[in-house]
Amino acid sequence: MSGSRTAARPGRFPVYRCQKNFTGWWWTATTGTHVGYESWLERAVLIGLDFDPHVVGISSQPFWLHWFDGTRPRRHAPGYFVRHADGSAGVVDVRADDRIEARDAEAFAGMAEACAWAGWGFKRIGQPPAVREANLRWLAGYWHPRCMRGSAVRKTGR
């Protein structure tokens, strides 16, 4: 791809020279497919969503929210859209607590307002606890159907 840093369509992750984040795809038991992530922090949150028994659907960067901040047009693509077992939906944004700047806070507030208007939940998730992240990442290796033995698995709704 070109060295351009222009934003891609939601769900597509640009790759460019000297990139500082690690993008990729993670296989989820929730969807039975790969779901994208833009950073290792997003991957950690994605793994946590995959293990949440209330989450029945996950989509990465599902849409762009466009608005005008009084000076110029702005846009933001949230990290994930999730569907819950009770039929409700929510948007999850991912950003470490110590990396939120004023423009980010404005984007998260706008996303929360738009989600409330649409009847969806909204939350921003920061860095999960390191031990929980490591344990879920290790357990995820056994989450794939190729590793499951029906006689040894307790039914969890998946």
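Note that the structure is a prediction, hence the values are computed from the model and not measured.
- Atom CZ of residue Arg43 and atom OG of residue Ser60 lie 14.5 Å apart, to the nearest 0.5 angstrom.
- Atom CH2 of Trp40 has 12 or fewer heavy atoms from other residues, nucleotides or ligands within 6.0 Å.
- No donor-acceptor pair under 3.5 Å is formed between the side chain of Asp50 and the backbone N or O of Thr28.
- For the pair Phe51 and Leu139, the minimum side-chain heavy-atom distance is below 4.5 Å.
- Inspection of the Asp52 and His84 side chains reveals no N or O donor paired with an N or O acceptor under 3.5 Å.
- In this structure, Ser39 contributes its side chain and Glu42 its backbone to a donor-acceptor pair below 3.5 Å.
- Hydrophobic clustering, with ILVMFWY side chains joined whenever heavy atoms are under 4.5 angstrom apart, groups Trp138 together with Leu41.
- Scanning for ring-ring contact (aromatic ring centres under 6.0 Å, His included) contacts around Trp117 gives an empty result, with sequence neighbours left out.
- Atom CG of Leu49 is separated from atom CH2 of Trp26 by 13.0 Å, given to the nearest 0.5 angstrom.
- A distance of 7.0 Å separates CD1 in Ile47 from CD in Glu133, rounded to the nearest 0.5 Å.
- In this structure, the separation between CZ on Arg137 and CZ on Arg132 is 12.5 Å, given to the nearest 0.5 Å.
- With a 4.5 Å cut-off on side-chain heavy atoms, Tyr80 and Tyr37 count as touching.
- Although no hydrogens or angles enter the test, the distance criterion places a donor-acceptor pair under 3.5 Å between the side chain of Asp93 and the main chain of Gly79.
- In summary, the side chains of Thr33 and Thr31 do present a donor paired with an acceptor at a separation below 3.5 Å, with no hydrogens or angles considered.
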Contacts under 3.5 angstrom, residues 104-115 side chains, donor-acceptor by atom type, not counting sequence neighbours:
unit_1: Asp104; atom_1: OD1; unit_2: Arg95; atom_2: NH1; d: 2.9
unit_1: Asp104; atom_1: OD2; unit_2: Arg95; atom_2: NH1; d: 2.8
unit_1: Asp104; atom_1: OD2; unit_2: Glu101; atom_2: N; d: 3.0
unit_1: Glu106; atom_1: OE1; unit_2: Arg74; atom_2: NH1; d: 3.3
unit_1: Glu106; atom_1: OE2; unit_2: Trp67; atom_2: NE1; d: 3.2
unit_1: Glu106; atom_1: OE2; unit_2: Arg74; atom_2: NH1; d: 3.2

Go through Phe81 and Trp120 one step at a time and tell me if the ring-ring contact (aromatic ring centres under 6.0 Å, His included) criterion holds.
-> CA-CA 10 Å; Phe81 181 84; Trp120 301 336; 4.9 Å; yes
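- Closest non-hydrogen pair, Arg124 versus Asp97, comes out as NH2-OD1, 2.7 Å.
- Sorted pairs that involve residues 79-89 and meet salt bridge (Lys or Arg N to Asp or Glu O under 4.0 Å), not counting sequence neighbours, are lacking altogether.
- Distance check: Ile58 CD1 to Thr30 OG1 gives 4.5 Å after rounding to the nearest 0.5 Å.
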